[in-house]
**Q** 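The structure's right below; bear with me while I get my questions together.
Residue numbering restarts at 1 for every chain, and letters A, B, ... go by the order of the sequence lines. It should be emphasised that the depicted structure is a prediction, and the values quoted were computed from it without experimental measurement.
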Amino acid sequence: MPELPEVETIVGYLNDVLPGKRIKDIRIFREKNILSGAPSFQKELIGESFLNVTRRAKFLIFHLTDDKVVIAHLRMEGKYYFEEKDSSQKKHDILIYDFMDGSCLHYNDVRTFGTLELSNEKDYLKTPSLSSLGKEPFLISPEEFFSLLQKKGKHPIKQALLDQSLIVGIGNIYASEILFASQVNPRTPCKDIPFEKSDLILKETKRILFEAISQGGSTIRSYHPKEGISGKMQNELQVYGQANKPCPRCKTPIRRIFMNGRSTFYCPLCQKQPGHGIIIGVTGPIASGKSTVTSYLSEKGFVDLDSDRYAHESYEDKDVKKELKAHFPGAFSRGHLDRKKLLSIISKDEKKTLILNSIIHPYVYKRTEEEIKKHPEKNFVIDMPLLLASPFLDRCDFIIGVNAPLEVRKERLKERGVDIEKALKLNSSFPIKELKKAATIYLETTGSKEESRKILDSYAFLAGNKIL
DNA sequence: ACTTGAACCTGGCGGC
DNA sequence: TGCCGCCAGGTTCAAG
């Protein structure tokens, strides 16, 4: 749940209620969360009093009498709440400190990821939890921040902001917010960030974290420890959680991608990708109207990255050929690849299809990247039937999902003169639900090409002069 | 050595 | 209404 501002808010709350409270008993309901062991935690702390609470990174540091220290991390859902009287165990309580005066402090953690650890004033900064932490954002100099980023090399900036050994306290919400405010694309390699930009990122980090602290943090799914009180920063968030909503600066739909398994939000126009223009992905089942969309964008100057073409091309690549020979010797006659044979080999066998894809796809991806590198000033359209399952989904700034009713698609296939049933069968597993969900624009091409183009024109961020 | 993914957990929410 | 799959503010550790 918490990033630096939320932890700071909780520190403030605990310092209102905790100092001077003497521990009469500690009831532990889930021993696993106490890294230093439950028995000593109870034995050493009973009889001591809380002095105050400080913060280091996202850790809470409880200072007690006799130089005792408790290092605590809330992870995703941990909450502390103080009760004047009611000391009954609540659902998901990990432990309760009972005080001499009848009040108590609950540590409650729905997902049970949070931790507690007993230490002392002399050693606590040297414990493994705290020893490898980077600098506090309010204490790091612009020069130092820049040099740390340089050392991160080609790692994306978003990842660096989350790296607690580089700079502490930033989590997944504020990382997206900071990069939006700085107008830096989250994919940008750290080494490509000039000093002025890293300086700006640090300034925005401080501004946003400071503002969040003054708003009492963000309360999104959870609540602040103090009953009924929540932070207000969630109302100020510009991009986090705003997928497909208009950018507050330019109205372009906010894009959500996954980076290192975490949701990442950015504006494709305010935070242009480093090294090239906009990338629009077009996908949908066979005969859904993808090529209408692709040619529309080509005419507007987009470079067409045609994955089918690259796939065909791959069969001529000597490394690909070598791999194919190793896995599908039956598809070769007199040293030459027979693609019809290859298709018949894989068509009945899902496992073999996967193997073929694992050989072809990397080539297609490599070729696509090469093509993007060739035209640093251009915008791109990626036309890829399997885009949703490919790593290129998250290289795209927009996704145009195309679909059409079955009858319309059949009609189109008929016009193309292909085996309708066979073509549809090959495409039967296309995940339409997923397509709708992933698409920035979901286009049902029921009518003519002209109609589809008119619809595309109506999307201001496509047809306006912002991209095109 | 490096990077990605699973694991640790429960609950809320949107979609069928 | 209920059931299912997906997702969640963090961090670590095990595979590839």
**Q** Counting neighbours of CZ on A:Phe210 that are heavy atoms of other residues, nucleotides or ligands and sit closer than 6.0 Å, is the number greater than 12?
**A** no
**Q** Answer yes or no: does a side-chain N or O of A:Thr112 lie under 4.0 Å from OP1 or OP2 of B:dT10?
**A** no
**Q** Compare the minimum distances between each of C:dC7, B:dC9, C:dT11 and the side chain of A:Arg111, then state the nucleotide with the smallest one.
**A** B:dC9
**Q** What protein N or O atoms touch nucleotides 5-7 of chain B N or O atoms at under 3.5 angstrom, if any, and at what distances?
**A**
none

**Q** Please verify the inter-ring angle class for A:Tyr107 with A:Tyr80; under 30° counts as parallel, over 60° as perpendicular, anything in between as tilted.
**A** tilted
**Q** When rounded to the nearest Å, what value does the distance between C1' atoms of B:dC8 and C:dC4 take?
**A** 22 Å
**Q** Rounded to whole angstrom, note down the C1' distance from B:dC9 over to C:dG2.
**A** 23 Å
**Q** Hey, which of these two, A:Lys32 or A:Gln159, hits DNA chain B nearer its 5' end, going by closest nucleotide?
**A** A:Gln159
**Q** Checking base pairs now: Watson-Crick or wobble, both atom distances under 3.5 Å. What partners B:dC9?
**A** none
**Q** Establish, with yes or no, whether the OP1 or OP2 oxygen of B:dC9 is under 4.0 angstrom from a side-chain nitrogen or oxygen of A:Arg30.
**A** yes
**Q** OP1 or OP2 of C:dA8 versus the side-chain N and O atoms of A:Arg256: is any pair under 4.0 Å?
**A** yes
**Q** Within the distance-only criterion (no hydrogens, no angle test), does the side chain of A:Glu83 pair as donor or acceptor with the backbone N or O of A:Leu105 below 3.5 angstrom?
**A** no
**Q** Work out which heavy atom in A:Glu3 is nearest to a heavy atom in A:Ile170; give both atom names and the distance.
**A** OE1-C, 3.8 Å
**Q** What does A:Ser263 touch in the nucleic acid at a heavy-atom separation under 4.0 angstrom: a base, only the sugar-phosphate, or nothing?
**A** sugar-phosphate
**Q** Using only side-chain N and O atoms of A:His73, determine if any of them is under 4.0 Å from OP1 or OP2 of C:dG10.
**A** no
**Q** Strictly under 3.5 Å: I want the nitrogen or oxygen pairs between protein and nucleotides 11-14 of chain B, one per line.
**A**
| from | atom 1 | to | atom 2 | distance (Å) |
| --- | --- | --- | --- | --- |
| B:dG11 | OP1 | A:Lys91 | NZ | 3.1 |
| B:dG11 | OP1 | A:His92 | NE2 | 3.0 |

**Q** Any idea how A:Tyr97 and A:Phe62 line up, ring-wise: parallel (<30°), tilted (30 to 60°), or perpendicular (>60°)?
**A** tilted
**Q** Please report the distance, rounded to the nearest Å, between CD in A:Glu77 and C1' in C:dT11.
**A** 15 Å
**Q** Indicate whether OP1 or OP2 belonging to B:dG15 is found under 4.0 Å from a side-chain N or O atom of A:Lys437.
**A** no
**Q** Is the A:Phe392 to A:Tyr365 ring centre distance short of 6.0 Å?
**A** yes
**Q** Would you say that more than 12 heavy atoms from the other residues, nucleotides or ligands in this model lie under 6.0 Å from the NZ of A:Lys232, or not?
**A** no
**Q** Identify which nucleotide among B:dC16, B:dT3, C:dT11 has an atom closest to any side-chain atom of A:His155, counting heavy atoms from C-beta outward.
**A** B:dT3
**Q** For the pair A:His375 and A:Phe380, name the ring-plane relationship: parallel under 30°, tilted 30 to 60°, perpendicular over 60°.
**A** tilted
**Q** Of the nucleotides B:dC16, C:dA8, B:dT3, which has the atom closest to the A:Phe258 side chain?
**A** C:dA8
**Q** Is the shortest distance from a Lys or Arg side-chain nitrogen in A:Lys79 or A:Asp109 to a carboxylate oxygen in the other one below 4.0 Å?
**A** no
**Q** Compare the aromatic ring of A:Phe113 with the six-membered base ring of B:dC8 and state whether they stack according to the 5.5 Å and 30° rule.
**A** yes
**Q** Does a side-chain N-to-carboxylate-O contact under 4.0 Å join A:Asp163 and A:Lys152?
**A** yes
